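Notes for the one structure printed next.
Order of listing sets the numbers, starting from 1, for every ligand and every atom in it. Because the structure is a prediction, the values reported are computed rather than measured.
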Amino acid sequence: MEQTLVIIKPDGVRRRLVGRIIQRFEDKNLTIKEMYQGVLTEAIAQEHYAHLKDKPFFPNLVNYMTSGPVVFLLLEGKEAITLVRQMLGATNVLQAIPGTIRGDFADSTTENIVHASDCQENATIEIQRFFR
Ligand code: UDP
Ligand code: MG
């Protein structure tokens with residue numbers, strides 16, 4: 001079993017998509033181990049996206065991620081990290097295919113509804129950051 005960290009981003013909460021997103025993970029037989037709603041501080045948002053700090057969109061990304069409440073999910077299941085990334089869809093809005101969360105709901109590469117850990121190393125760090 002693997003664990004991964006998902007964040008339903010501020011636009012996902014504002015658009016009342018929380019229930020439908022969680023439903024998809026449960027439909028795929030993933031287990032919700034822990035879950036809560038909260039607001040990212042600027043410092044934590046900057047830390048979470050530190051690998052992107054030199055990108056031109058970074059300030060906009062931090063503003064967006066701190067713009068309202070988010071929902072944190074600690075999910076568990078077989079190959080959960082890769083599986084959940086597949087369920088999210090591509091980062092680029094035009095490459096996120098229908099049937100994925102981003103493909104079905106996002107119309108922007110920045111405001112793209114959900115985050116999920118992209119590898120085991122980052123899952124460990126991100127679970128520690130938001131659940132420990
Ligand atoms: N992002 C953006 N513009 C880009 C690439 C990424 O605004 O050209 C934002 C978007 O919200 C994305 C986040 O930065 O989800 C993190 O980028 P990353 O490349 O890690 O994509 P992800 O892992 O979320 O698919
Ligand atoms: Mg990423």
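Here the CZ atom belonging to Phe105 is positioned 13.5 Å from the CG atom belonging to Asn112, to the nearest 0.5 angstrom.
Atoms of ligand 1 found under 4.0 Å from any heavy atom of Lys9 (numbered from 1 in listed order, with element): 11 (O), 12 (C), 15 (O).
Among protein heavy atoms, the minimum distance from atom 11 (O) of ligand 1 is reached at Thr110 O, 2.7 Å. In this structure, the protein non-hydrogen atom closest to atom 9 (C) of ligand 1 is Leu61 CD1, 3.7 Å. Given atom 23 (O) of ligand 1, the protein heavy atom at minimum distance is Arg85 NH1, 2.8 Å. Nearest to atom 10 (C) of ligand 1 among the protein's heavy atoms is Thr109 O, 3.2 Å. In terms of protein heavy-atom proximity, atom 12 (C) of ligand 1 is closest to Asn112 ND2, 3.6 Å. Protein heavy atom nearest atom 17 (O) of ligand 1, with residue, atom name and distance: Leu52 CD1, 3.4 Å. With hydrogens left out, the protein atom closest to atom 20 (O) of ligand 1 is His51 NE2, 3.6 Å, a heavy atom. Atom 5 (C) of ligand 1 has its closest protein heavy atom at Phe57 CZ, 3.4 Å.
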Does the side chain to side chain contact (heavy atoms under 4.5 Å, CB included) test come out yes or no for Ile32 and Leu75, once each step is laid out? CA-CA 5 Å; Ile32 301 168; Leu75 297 181; 3.9 Å; yes
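For Asn63, the CG atom sits in a packed shell: over 12 heavy atoms of surrounding residues, nucleotides or ligands are nearer than 6.0 Å.
Checked against a 3.5 angstrom limit, the closest N/O atoms of Arg102 and ligand 1 fall inside it. At a 3.5 angstrom cut-off on N or O pairs, Thr91 counts as close to ligand 1.
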